[in-house]
Amino acid sequence: MRNKIVAGNWKMNMSPARAVELINSLKDKINTTEVDVVVCPPFVCLPAVLEAVDGTAISVGAQNMHFEENGAYTGEVAPSMLVELGVKYVIIGHSERRQYFGETDETVNKKVLKAIEHNLLPIICVGESLAEREQGVTIDLVRLQTKIALKDVKAEDAKKVVIAYEPIWAIGTGRTATSEQAEEVCKAIRNVVAEIYGSEVADEVRIQYGGSVNAGNANELFNMGNIDGGLVGGASLKEEFASIVNY
Ligand code: PGA
């Protein structure tokens, strides 16, 4: 049985001090131990957040990392730096990274391989734009994104990755995919994982839905057969995140 996983993607919000306040208020409100809880703050908040979650079941993820070990990459953060801090997860290939920072399926794959090499658990983001959905290519596109992201990933490592299906048209728009739309694509992702690795791996991989998840829709979404939790943006900056985790 797969454990549900709910991750908060804070994006470029909060500050180290405000982050600690939020963690402290979440700690008292999260009342389930059956869901893996992850918060992904901006890099500069990581040390404060790691200290604040100490002794709780909340894990910490980064929002990005570079695929090289170190070197002349001004402004970038290396995987070993995250590991040294105690970071466990890393979001890879979020649509905002693809859209504004030139990330491609190929760089996503390089980052996934590098994260695994460092024992960081990747949360790999895939998803279609509104135009792509209207053209009817959602499933083809998401299958392709998933296949390229997992290229050269070994079966034993593939089991540990998290894949987040995030339709771009649902991110930050208040327009959530219906549970049926989300389930259809999450199921297609599980099928492509099964084609590559077999059903045992596909049964273990956790697939999240992301895009305007809130306390009101989490329960229906997370109860779909192939949706193992969510990647939450806006609502993860508030105490509402605890209600989503407690769905
Ligand atoms: P949202 O963002 O919940 O604000 O739509 C989700 C995401 O981008 O991960």
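A quick note: this is a predicted structure, and the numbers were derived from the prediction, not measured. In listed order, ligands and their atoms are each counted from 1.
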Query raised in the report: Between the side chain of E240 and the main-chain N/O of A215, is any donor-acceptor distance below 3.5 Å?
Result: yes
Below 3.5 angstrom, do we get any N/O pair linking [X] and ligand 1?
X	result
G233	yes
A235	no
I171	no
T173	no

Among [options], find the residue that satisfies the side-chain contact (heavy atoms from CB on, under 4.5 Å) test when tested with [X].
X	options	answer
V245	I58, V232, D36, T32	T32
V112	V90, I92, T107, D152	I92
Y165	T138, T146, I227	T138

Which ligand 1 atoms does [X] reach within 4.0 Å, using its non-hydrogen atoms?
X	value
K11	2 (O), 7 (C), 8 (O)
H94	7 (C), 8 (O), 9 (O)
N9	9 (O)
A170	5 (O)
G211	5 (O)

Query raised in the report: In the protein, which heavy atom is nearest to atom 7 (C) of ligand 1, and how far is it?
Result: E166 OE2, 3.1 Å
Query raised in the report: Nearest protein heavy atom to atom 4 (O) of ligand 1, by residue and atom, and its distance?
Result: G234 N, 2.8 Å
Requested in this report: Please state whether G172 comes within less than 4.0 angstrom of ligand 1, counting heavy atoms only.
Outcome: yes
Report task. Decide yes or no on side-chain contact (heavy atoms from CB on, under 4.5 Å) for V193 and I163, but give the supporting numbers first. Result -> CA-CA 10 Å; V193 174; I163 301 172; 4.1 Å; yes
Requested in this report: List in chain and number order the residues that pass side-chain hydrogen bond (donor to acceptor under 3.5 Å, both in side chains) with N119, two or more places apart in sequence or in another chain; answer none if no residue qualifies.
Outcome: none
Indicate yes or no: does [X] engage [Y] in a salt bridge with an N to O separation below 4.0 Å.
X	Y	answer
K151	D105	no
R143	D140	no
K159	D203	no

Query raised in the report: Between A164 and ligand 1, which part of the residue brings a heavy atom under 4.0 Å of the ligand: side chain, backbone, both or neither?
Result: neither
